[in-house]
Colleague: 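Have a look at this one.
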Amino acid sequence: MKGSNFFNRVYEIVSQIPEGKVATYGQIAAMLGSPRAARIVGEAMRRTPEYLDIPCHRVISKDGTMAPGYAFGGEGKQREMLEKEGVIFKENGCVDMQRCLWRKPIMERDE
DNA sequence: AATTTGACAGCGA
DNA sequence: GTCGCTGCCAAAT
């Protein structure tokens, strides 16, 4: 286990995102207790250890857009897999945040 | 220990 | 609607 509590926490949260749902970097950062640490979440995603099996493709920006090409081999690719999981995409190519933005169970918030 | 970087977010032009 | 700068926080070098 790495002592990197922050990254570890990000991975925990991301791994909790159900299929057909997405979360934003800022959202996750807020869960960690640092609403301004969205960039750290992004960095965590970039450094996502494969063995953790983290659905980083479900983590996108608040605009419903995702990284230009630093992910999975292409935005279109990510869009396909998200769409396949049940995430709704708008005509403009962005994720329908209103429907698919994931939120942590209220009873479980133990930040 | 200090500096640079970075898959963001928010506001301004 | 697109491009730009700033702010914030943690990790990597």
Side-chain angles (χ1 to χ4, degrees):
Chain A
M1 295 301 236
K2 312 303 189 214
S4 311
N5 211 333
F6 210 96
F7 271 41
N8 195 346
R9 191 77 56 162
V10 175
Y11 300 141
E12 294 262 319
I13 295 175
V14 176
S15 66
Q16 287 167 67
I17 304 176
E19 299 179 7
K21 296 279 179 161
V22 294
T24 72
Y25 300 101
Q27 171 98 49
I28 296 172
M31 293 176 184
L32 292 165
S34 300
R36 307 300 176 185
R39 321 178 63 141
I40 323 301
V41 178
E43 199 177 314
M45 296 292 90
R46 187 187 185 190
R47 290 201 58 81
T48 297
E50 304 163 35
Y51 49 87
L52 291 180
D53 190 52
I54 301 296
C56 12
H57 55 271
R58 291 182 194 146
V59 185
I60 57 182
S61 81
K62 62 169 175 55
D63 295 301
T65 56
M66 48 205 118
Y70 296 97
F72 315 98
E75 335 166 32
K77 183 71 186 248
Q78 183 174 14
R79 174 173 154 192
E80 275 187 72
M81 51 200 302
L82 285 172
E83 190 174 45
K84 195 169 87 169
E85 291 186 347
V87 176
I88 312 236
F89 275 79
K90 299 194 293 188
E91 292 303 304
N92 52 322
C94 299
V95 177
D96 194 332
M97 308 295 289
Q98 303 173 85
R99 297 176 186 267
C100 303
L101 181 58
W102 171 71
R103 33 179 16 190
K104 222 175 175 185
I106 305 174
M107 313 161 46
E108 214 173 60
R109 319 179 10 188
D110 57 82
E111 318 126 47

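Hydrogens, waters and symmetry mates are skipped; everything else that's a heavy atom, side chains included, is used. In the text below, chain A, chain B and the rest are named by the order of the sequence lines, each starting its count at 1.
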Colleague: Answer yes or no: is there a side-chain heavy-atom contact under 4.5 Å between Q27(A) and W102(A)?
Modeller: no

Colleague: Select one nucleotide: of dC9(C), dA11(C), dA9(B), the one nearest the side-chain heavy atoms of S34(A).
Modeller: dC9(C)

Colleague: Side-chain contact, heavy-atom cut-off 4.5 Å: V14(A) with L52(A)?
Modeller: no

Colleague: The side chain of F7(A) lies closest to which of these nucleotides: dA11(C), dC8(B), dA10(C)?
Modeller: dA11(C)

Colleague: To the nearest 0.5 angstrom, please state how far the CE atom of M66(A) sits from the CZ atom of R79(A).
Modeller: 7.5 Å

Colleague: From the set dA10(C), dG6(B), dC8(C), return the single nucleotide nearest to any side-chain atom of F6(A).
Modeller: dA10(C)

Colleague: Between atom OG1 of T48(A) and atom CD of E43(A), what is the distance when rounded to the nearest 0.5 Å?
Modeller: 11.0 Å

Colleague: Name the residue from R47(A), E12(A), M45(A) that meets the side chain to side chain contact (heavy atoms under 4.5 Å, CB included) definition with F7(A).
Modeller: R47(A)

Colleague: Rounding to an integer number of Å, can you tell me how far M45(A) CE sits from dC8(B) C1'?
Modeller: 13 Å

Colleague: When you compare the protein's N or O atoms with those of nucleotides 1-3 of chain C, which come within less than 3.5 Å of each other, and at what distance?
Modeller:
none

Colleague: Rounded off to whole Å, could you give me the CZ-to-P distance for the R46(A) and dT5(B) pair?
Modeller: 12 Å

Colleague: Working to the nearest 0.5 Å, report the span between CD1 of I28(A) and CD1 of I17(A).
Modeller: 5.0 Å

Colleague: I need the CG-P distance between L32(A) and dA11(C), as an integer number of Å.
Modeller: 11 Å

Colleague: Please give, in whole Å, the distance from dC9(C) P to R36(A) CZ?
Modeller: 9 Å

Colleague: Taking OP1 and OP2 of dG10(B), is either one under 4.0 Å from a side-chain nitrogen or oxygen of K62(A)?
Modeller: yes

Colleague: Separation of R39(A) atom CZ from dC8(B) atom C1', in whole Å?
Modeller: 6 Å

Colleague: Base, sugar-phosphate, or nothing for A37(A), non-hydrogen atoms under 4.0 angstrom?
Modeller: sugar-phosphate

Colleague: Rounded to whole angstroms, how far apart are CE on M66(A) and P on dC8(B)?
Modeller: 13 Å

Colleague: With a 4.5 Å limit on heavy-atom distance, are the side chains of R58(A) and E19(A) in contact?
Modeller: yes

Colleague: Rounded to the nearest Å, what distance is computed from the CD1 atom of residue I40(A) to the C1' atom of nucleotide dG6(B)?
Modeller: 8 Å

Colleague: For the base of dG6(B), is there a side-chain donor-acceptor partner from R47(A) under 3.5 Å away?
Modeller: no

Colleague: Given atom CE of M31(A) and atom P of dC9(C), what is their separation to the nearest angstrom?
Modeller: 19 Å

Colleague: From dC8(C), dA10(C), dA7(B), pick the nucleotide closest to the side chain of E43(A)?
Modeller: dA10(C)

